[in-house]
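Below, chain A is the first sequence line, B the second, and so on; all start at residue 1.
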Amino acid sequence: MKIITENNNIIISSCSNFDLSQTFECGQCFRFEKIEDGLYSGVANGRLIKIKQDGDTVTLYDVNEQEFDEKWRSFFDLDRDYGAIIKELSFDSIIKAAIKAAGGIRILKQDGWEVLCSFIISQNNNIPRIKKIIASLCMLLGEEISDGVYTFPSAERVVKAGVEGIAPIRSGFRAKYIIDAAQKVFSGEINLETLAELEYSLAKKELMKIKGVGEKVADCTLLFGFGFCEAFPRDVWVKRVIEKYYEDGFTPGYFGKNAGIAQQYLFYYERSIGKNTKA
DNA sequence: GTCCAGGCATGCA
DNA sequence: TGCATGCATGGA
């Protein structure tokens with residue numbers, strides 16, 4: 001991997017195990033959209049960013065070196081050796097096939113509060129609608145940083161809006177969960193600043209104090225927002241994979257300390273099969 | 001009209 | 001501890 005700055009763009013070349021479309025379309029984030037082939041735009045780290053991939057070259061537009069080092073390097077998880085992880089994980093034919101299909105996924109290090117809130121919204125819901133609800137939450141309570149572009153609202157803003165206040169986003173029964181999460185985060189009852197320092201099981205317990213946060217939402221939050229790669233969210237797709245291919249041979253801990261990354265490969269893989277075989 | 005969607009809270013055995 | 005059911009909403 002080589003990184004240079006050119007015309008206030010960051011150009012990353014020889015970038016292995018990094019595929020933008022897999023990374024943005026594996027369901028870990030909800031605020032990035034494809035503008036054209038290989039070009040994505042979205043809001044993260046409090047700003048709008050455009051990013052493009054051409055072969056193994058990735059360009060971040062309008063980003064200087066300092067901002068890249070402070071924010072985007074960790075956001076795209078560029079310092080993790082995915083090659084080594086893939087090698088370690090390639091111990092059965094199923095995960096091997098999943099890696100073949102999804103080995104370019106990077107686990108994005110997103111804002112913890114945003115991830116928590118997003119995955120509360122995700123429950124018993126479909127991805128297009130999850131995106132819609134999040135977009136309208138941002139428009140309703142976020143900060144407009146440029147024309148029609150909004151940041152994700154703070155927990156404080158959400159608490160102050162209340163269940164009635166967020167009614168326009170039409171999140172249904174999840175509204176009370178969103179408010180409970182915002183209340184606990186804003187009050188400090190749950191401290192997201194120090195959550196990453198806890199042991200995985202303790203961090204998970206903390207998040208599950210929130211109404212509407214069960215094992216799956218907690219695991220997604222820990223994996224996508226707090227760097228806990230051992231978190232293995234069991235959603236319907238992954239449960240399907242386990243039942244279909246592993247039967248009884250699957251135990252907690254099967255994928256080890258990078259179970260979360262394996263989970264994303266399997267999730268993407270199983271969904272892509274569905275898409276390709278739909279006559 | 002019916003079913004489903006990156007689940008969870010609740011009640012009951 | 002484990003299992004069935006309801007839940008808001010919108011698209012297929």
Taking atom [atom2] of [N] as reference, at what distance in whole Å does atom [atom1] of [X] sit?
X: A:Lys209; N: B:dC8; atom1: NZ; atom2: C1'; result: 19 Å
X: A:Leu137; N: C:dA8; atom1: CG; atom2: C1'; result: 16 Å
X: A:Asn124; N: C:dA8; atom1: CG; atom2: C1'; result: 9 Å
X: A:Lys239; N: B:dG7; atom1: NZ; atom2: P; result: 8 Å
X: A:Gln123; N: B:dC4; atom1: CD; atom2: P; result: 18 Å
X: A:Ile169; N: C:dG10; atom1: CD1; atom2: C1'; result: 15 Å
X: A:Asn126; N: B:dC3; atom1: CG; atom2: P; result: 17 Å
X: A:Glu270; N: B:dA5; atom1: CD; atom2: P; result: 13 Å

| query | Taking any strand in view, what nucleotide pairs with C:dC3 in a Watson-Crick or G-U wobble way, both distances under 3.5 Å? | reply |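 Result: B:dG11.
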
| said: Strictly by Watson-Crick or wobble contacts shorter than 3.5 Å, is anything paired with C:dA8, and which nucleotide is it? | reply: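 Result: none.
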
| task | Check the pair A:Tyr265 / A:Phe255 against ring pair (Phe, Tyr, Trp, His ring centres under 6.0 Å), numbers first and verdict last. | result | CA-CA 12 Å; A:Tyr265 295 153; A:Phe255 288 116; 9.6 Å; no

How would you label the contact of [X] with the nucleic acid (heavy atoms, under 4.0 Å): base, sugar-phosphate, or nothing?
X: A:Gly214; result: sugar-phosphate
X: A:Glu215; result: sugar-phosphate
X: A:Cys29; result: nothing

Would you check if the distance from the ring center of [X] to the ring center of [Y] is below 6.0 Å?
X: A:Phe232; Y: A:Tyr200; result: no
X: A:Tyr254; Y: A:Phe91; result: yes
X: A:Tyr40; Y: A:Phe32; result: no

| task | Assign each of A:Val213 and A:Arg174 to its nearest nucleotide of DNA chain B by heavy atoms, then name whichever residue's nucleotide is nearer the 5' end. | result |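 The 5'-side residue here is A:Arg174.
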
As a test of reading the structure: which of [options] is closest to the side chain of [X], going by heavy atoms?
X: A:Lys176; options: C:dA8, C:dG10, B:dC8; value: C:dA8
X: A:Lys132; options: B:dT10, C:dA8, C:dG11; value: C:dG11
X: A:Lys211; options: B:dA5, B:dT10, B:dC8; value: B:dT10
X: A:Phe173; options: B:dA5, C:dT9, B:dG7; value: B:dG7

| query | Do A:Lys216 and A:Asp219 sit within salt-bridge range, that is, some charged N less than 4.0 Å from a carboxylate O? | reply |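 A salt bridge is absent here (no side-chain N lies under 4.0 Å from a carboxylate O).
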
| field | Donor-acceptor pair under 3.5 Å, A:Arg170 side chain vs C:dT9 base | value |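 Not at all, since no donor on one side and acceptor on the other fall under 3.5 Å apart.
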
| With under 30° as parallel and over 60° as perpendicular, where do the rings of A:Phe152 and A:Trp113 fit, or are they tilted in between? |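 Geometry flag for A:Trp113 against A:Phe152: perpendicular rings.
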
| query | When you compare B:dC8 with C:dG10, how far apart are their P atoms, in angstrom units rounded to a whole number? | reply |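 That atom pair is separated by 22 Å.
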
| query | Which sits closer to the 5' end of DNA chain C, A:Tyr177 or A:Arg129, going by the nucleotide each is nearest to? | reply |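 With A:Tyr177 and A:Arg129 compared, the 5'-side residue is A:Tyr177.
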
